[in-house]
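I have placed the structure first, in the form of structure tokens, so that the comments after it can refer back to it.
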Amino acid sequence: MTYSVQFGDLWPSIRVSLLSEQKYGALVNNFAAWDHAIAELEQLSARDFVNEAFSHWQLEPESGPPAAPAFWTYSPNIRCFTFARGDASRFPCARLGSMGVLDYYLMDAASLLPVLALGLQPGDTVLDLCAAPGGKTLAMLQTGCCRNLAANDISSSRTSRLQKVLHSYVPQDIRDGNRIRVTSWDGRKWGELEGDTYDRVLVDVPCTTDRHSLHEEENNIFQRSRKKERQMLPLLQVQLLAAGLLATKPGGYAVYSTCSLSHLQNEYVVQGTIELLANQYSIEVQIEDLTHFRKLFTDTFFFFPSCQVGELVIPNLVANFGPMYFCKLQRLT
Ligand SMILES: C[S@@+](CC[C@H](N)C(=O)[O-])C[C@H]1O[C@@H](n2cnc3c(N)ncnc32)[C@H](O)[C@@H]1O
């Protein structure tokens, strides 16, 4: 009922897509023999939507981002293969390669957009505040940009899943070095723990996980017994985003993301947090315009056309990715 009001004519199509099988992307593991993985994925007629979008932009700059430097603010070295629109093929399971790690990671391709938007640069110190099970952490590691990466999640069982993902995809010498730190703390306290510390912060918050909630009975967030928790979600999201921004260095960037369609959990949280930081901490935060980003990936995803801040990928039967909301913020002071 809420979403039919929020999305109007678009809702029936979003709804039927949410109820249908979702599409995946295969994130190529640069720590494996990636050339083999790419050859295999190309044989399946999948395409690397990230690099295809960038090459298309270079050939036709007038349809791409307004100025060349904007291009380089995307996180580099990420390769993710998807099947074309309308092609509902599935990827085979990832295989263990000669380097002892799996060759690709299957995830909702829209989940890469927050990582691409974060715009990692070589030598960055990075915080992933709500990291488990670790798809986005792995994507950030693929960029080769992280001088240090702190991956945190309050749930110890989910943190174990994150450790397993790292174990399966990242070689031991990189895991054992002091570049990756995995913790299981309450992210809401991060501003007090490590204020003004990180160049880039990802705040991929707990939400109503709309697609998942439609298909999974167990521990469903829409159960009557979890009503209070559900009502408190926007507050928790504001607290986590505020902590993420406090942990960001002045001049650094944070990306807020959810896999919910709800404006209450998306745009309202962003706007509420900006006000909170201004009023309580006199910290100024600016929202980055991602319109060019939407244009860049318009061949792969359907975007909701009327977001006031941030971008929202909406599920569609021929490109059944998302939902994924993301908003990029720069901490100015
Ligand atoms: C959407 S999931 C993160 C998905 C992850 N970023 C990925 O790409 O695989 C949200 C996560 O937030 C965690 N979480 C919930 N409350 C938290 C808190 N107060 N501090 C840190 N993490 C929290 C949950 O345990 C959950 O794993």
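We count ligands from 1, going down the list as the structure has it; atoms in each ligand are counted the same way. Model, not experiment: these values are computed from the prediction.
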Parallel, tilted or perpendicular: ring planes of Phe54 versus Tyr74, cut at 30 and 60 degrees: parallel
Option set Ser260, Ser111, Ala132, criterion heavy-atom distance to atom 4 (C) of ligand 1, minimum: Ala132
Protein heavy-atom partner closest to atom 12 (O) of ligand 1 - residue, atom, separation in Å: Cys130 CB, 3.3 Å
Atom indices of ligand 1, in the order listed, that fall short of 4.0 Å to a heavy atom of Arg158: 2 (S), 25 (O), 26 (C), 27 (O)
Taking atom 1 (C) of ligand 1 as the reference point, the nearest protein heavy atom with its distance: Val205 O, 3.4 Å
Pair Asn30, Arg79: side-chain N/O donor-acceptor within cut-off below 3.5 Å: yes
Minimum-distance protein heavy atom relative to atom 15 (C) of ligand 1: Pro206 CG, 3.4 Å
Phe321 versus Thr82, closest heavy-atom pair with distance: CZ-CG2, 3.8 Å
side-chain contact (heavy atoms from CB on, under 4.5 Å) assessment of Leu236 paired with Val238: CA-CA 5 Å; Leu236 172 62; Val238 167; over 6 Å; no
Mutual orientation of the aromatic rings belonging to Trp185 and Trp190 [parallel < 30°, tilted 30-60°, perpendicular > 60°]: tilted
Best match, Leu233, Leu162, Asp204: closest heavy atom to atom 10 (C) of ligand 1: Asp204
Cation-pi geometry met for Arg85 and Phe302 (6.0 Å, 45°): yes
Pick from Leu240, Asp128, Asp153, Val115: the one approaching atom 24 (C) of ligand 1 most closely through a non-hydrogen atom: Asp153
Atoms of ligand 1 close to Ile154 [distance to a heavy atom under 4.0 angstrom, numbered from 1]: 14 (N), 15 (C), 16 (N), 17 (C), 18 (C), 19 (N), 20 (N), 21 (C), 22 (N), 23 (C)
For atom 20 (N) of ligand 1, the protein heavy atom that lies nearest, with its residue and separation: Gly187 N, 2.8 Å
Thr137 and Asp128 side chains, donor-acceptor separation under 3.5 Å: yes
Numbered atoms of ligand 1 (with element) below 4.0 Å of Pro133, judged on heavy atoms: 9 (O)
For ligand 1, the portion of Asn152 having any non-hydrogen atom under 4.0 Å away: side chain
For Ser155, the ligand 1 atoms whose distance to one of its heavy atoms is below 4.0 Å: 25 (O)
Aromatic Tyr253 / basic Lys328 pairing, under 6.0 angstrom, 45° off normal: yes
Ring geometry between Phe7 and His263 (parallel below 30°, tilted from 30 to 60°, perpendicular above 60°): tilted
Under 4.0 Å to a heavy atom of Asp186 - the qualifying atoms of ligand 1, by number: 18 (C), 19 (N), 20 (N)
Enumerated ligand 1 atoms positioned under 4.0 Å from heavy atoms of Gly135: 7 (C), 8 (O), 9 (O)
Ring centre gap for Phe293 and Phe326 strictly below 6.0 Å: yes
Proximal ligand 1 atoms for Gly134, defined as those under 4.0 Å from one of its heavy atoms: 7 (C), 9 (O)
